[in-house]
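Worksheet: the structure to be examined is printed underneath.
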Amino acid sequence: MKTYIVEAPSNIAFLKYWGKANVDQQWPSGDSFSMTLNNAKTITRAQKSKANKDLVTIEGLTEGHRRAEKHLEKLRHLTGFKDHLVIESKNTFPAECGIASSASGMAALTIAALCAWTEAESFEDLQQHNFSREAVAHLARMGSGSAGRSLWGGFVHWQKGTEPSRQKLCQVYPPEKWQLCDLICVLSNKTKSVSSSGAHQAAWQSPLFPARLAVIPERLAMMRQAIEKKDLESLGTLLETEALEMHAVMMTGQPSVQYLSEKSIQFITWLREKRRQDGLPAWFTIDAGPNIHVICQSNQSVKIIEEIHARFNDIDIIEDYIGNGPQIKLTCD
Ligand code: DP6
């Protein structure tokens with residue numbers, strides 16, 4: 001029996017996808033832009049099932065089974081494949097706490113399911129079956145928007161386009177462009193109380209949301225310019241503004257959603273002070289959870305980890321960096 005093993009990375013959004021213009025078609029309210037990670041990933045095994053239902057095992061996820069089964073159903077509907085699948089999935093990092101497990105999880109599940117259905121052993125084979133990388137990315141984003149960006153390594157752009165069918169996903173720069181690190185500071189690995197899917201819609205009631213949407217194109221252009229120049233101070237300043245703005249929208253939506261904990265605030269206050277006083281070259285971004293992603297150059301990461309641990313000795317840090325994107329392997333037994 002052929003088993004397809006897919007390793008798909010998570011990604012950290014530099015420009016955040018927050019709010020949906022159309023929920024059914026997973027049409028975001030604005031463009032987003034991310035860096036694909038290397039170590040934080042989902043490993044998913046898929047094979048055709050002899051039973052007439054999917055058998056899904058997702059290690060450590062409470063909500064994961066249901067979402068995965070729903071996504072498989074959707075994929076069958078969108079692609080016309082009929083076979084049920086046996087899926088086993090695990091993460092290299094804590095899930096459902098704002099480290100974008102749905103991004104790597106849905107990317108891995110989508111690729112693995114397509115491989116099992118088409119018997120493709122590589123992205124080139126998938127392309128032969130009319131599933132270009134971008135087509136796979138669009139199927140993945142139907143499971144979770146951010147998953148579409150995990151189909152490539154390096155820096156990835158999800159363009160909203162003028163209508164749902166004109167969305168685009170593409171790699172903007174390969175990973176060699178800039179060896180940035182993401183030190184994922186796990187302040188809490190508890191499951192978040194509100195899933196990001198549930199909270200996206202609350203953004204429309206925030207009085208801050210229209211202003212946020214208006215600024216996205218310019219902010220994206222500035223982020224790209226900072227990456228072109230490898231100007232971490234400019235990029236870092238944009239990252240922090242972006243993350244704080246998204247959390248302000250979350251907190252002022254209806255219902256108000258607060259992902260930041262007291263410890264998150266303590267951490268970012270310390271980081272900013274450390275930068276101001278001692279010139280620590282580190283900036284933060286935060287997704288839909290309390291955990292802090294510290295972005296820095298790879299040659300500074302050891303020193304920055306030491307500084308973090310000297311102040312917060314109980315924090316687990318997942319040391320990650322820009323990665324190459326997903327991989328497909330085949331085993332036969
Ligand atoms: C804060 O991709 O989890 O991580 O499409 O409903 O699954 P769904 O949402 P999801 O939202 C991600 C939000 C974010 C920002 C980002 O990754 O761009």
Side-chain angles (χ1 to χ4, degrees), residues 8-37 40 42 61 63-64 66-68 70-71 74 91 93 95-110 137-152 155-160 164 167 169 172 182 184 191-204 206 209 212-213 216 219-220 223 238-251 253 257-260 264 284-293 295:
S10 183
N11 64 77
I12 177 67
F14 283 5
L15 185 71
K16 310 290 184 185
Y17 147 54
W18 197 249
K20 305 186 191 199
N22 181 311
V23 177
D24 292 341
Q25 300 188 66
Q26 281 284 76
W27 192 30
S29 49
D31 286 20
S32 58
F33 181 77
S34 55
M35 178 174 94
T36 296
L37 298 176
T42 300
L61 287 194
E63 229 215 305
R66 207 178 47 80
R67 271 190 92 172
K70 233 173 108 184
H71 187 52
K74 194 177 279 176
N91 287 328
F93 60 96
E96 290 177 357
C97 59
I99 315 180
S101 57
S102 62
S104 54
M106 288 298 173
L109 178 61
T110 305
H138 283 292
L139 289 171
R141 75 160 166 77
M142 294 305 286
S144 183
S146 49
R149 297 187 312 242
S150 278
L151 261 290
W152 291 268
F155 297 94
V156 180
H157 182 190
W158 176 14
Q159 278 172 260
K160 179 190 180 209
Q167 300 180 58
L169 281 144
V172 180
D182 178 0
I184 309 171
T191 302
K192 52 194 184 189
S193 51
V194 188
S195 76
S196 45
S197 293
H200 272 284
Q201 284 320 90
W204 291 102
S206 163
F209 198 46
R212 157 156 183 74
L213 294 181
I216 286 177
R219 189 167 291 153
L220 175 61
M223 280 186 184
L238 291 161
L239 291 179
E240 295 193 353
T241 306
E242 171 65 11
L244 293 173
E245 188 179 279
M246 178 181 74
H247 281 271
V249 167
M250 290 164 164
M251 288 197 244
V257 181
Q258 182 178 337
Y259 288 118
L260 299 179
S264 322
F284 69 81
T285 181
I286 318 167
D287 272 349
N291 299 315
I292 311 289
H293 295 250
I295 306 296

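Start at 1 and go down the list; that is how both ligands and their atoms are numbered.
Not a single heavy atom of Met106 sits under 4.0 Å from any atom of ligand 1. Residue Arg141 places every heavy atom at 4.0 Å or more from ligand 1. Ligand 1 lies nowhere less than 4.0 angstrom from a heavy atom belonging to Met142.
Backbone and side-chain nitrogen or oxygen atoms of Ser32 are examined, and none is located within less than 3.5 angstrom of a nitrogen or oxygen of ligand 1. Distances between N or O atoms of Gly145 and those of ligand 1 include at least one value under 3.5 Å. Of the polar atoms of Lys16, none of the N or O atoms is found under 3.5 Å from an N or O of ligand 1, judged by distance alone. Checking only distances, Trp18 never comes within under 3.5 Å of ligand 1, N or O to N or O. Considering backbone and side-chain atoms together, Arg149 places an N or O closer than 3.5 Å to an N or O of ligand 1.
Between the side chain of Thr36 and the backbone N or O of Trp152, at least one donor-acceptor pair lies under 3.5 Å. Proximity of a side-chain donor or acceptor of His71 to a complementary backbone N or O of Ser144 within less than 3.5 Å is not detected.
Of all atoms in ligand 1, listed by their number and element, those nearer than 4.0 Å to a heavy atom of Ala13 are 16 (C), 17 (O), 18 (O). Interface of Gln26 with ligand 1, defined as ligand atoms under 4.0 Å from a residue heavy atom, comprises 5 (O). Within ligand 1, the atoms closer than 4.0 Å to a non-hydrogen atom of Met246 are 1 (C), numbered from 1 in the order shown. Near Asp287, with a cut-off below 4.0 Å to any heavy atom, the atoms of ligand 1 are 1 (C), 4 (O), 15 (C). Close approach to Arg67 involves these atoms of ligand 1, each under 4.0 Å from a residue heavy atom: 7 (O).
Both cation-pi conditions hold for Lys160 and Trp27: the charged atom is under 6.0 angstrom from the six-membered ring centre and inside a 45 degree cone around its axis.
Between Glu242 and Arg219 a salt bridge is recorded (basic side-chain N to carboxylate O distance below 4.0 Å).
Looking at Lys74 and Leu139, their side chains never come closer than 4.5 Å, going by heavy atoms from C-beta outward. Annotation: side chain of Asn11 is not in contact with side chain of Met35 (no heavy-atom distance under 4.5 Å). Inter-residue side-chain proximity for Tyr17 and Gln26 is flagged as met; some heavy-atom pair is nearer than 4.5 Å.
Proximity of Ser102 to ligand 1, defined as any heavy-atom pair under 4.0 Å, is confined to the side chain (atoms from C-beta onward).
In this structure Thr42 satisfies the side-chain contact (heavy atoms from CB on, under 4.5 Å) test together with Thr44, Ser89, Asn91, Ser104, Ala108, sequence neighbours excluded. For the ring pair (Phe, Tyr, Trp, His ring centres under 6.0 Å) test, no residue two or more places apart in sequence or in another chain qualifies with Phe284.
Remark: among candidates His247, His200, Gln201, Glu242, the nearest residue to atom 9 (O) of ligand 1 is His200, based on non-hydrogen atoms. Nearest to atom 2 (O) of ligand 1 by heavy atom, out of Gly289, Ser146, Gly148, is Ser146.
Relative ring orientation between Phe33 and His157 is described as perpendicular, the plane-to-plane angle rising above 60° on a 0-90° scale split at 30° and 60°.
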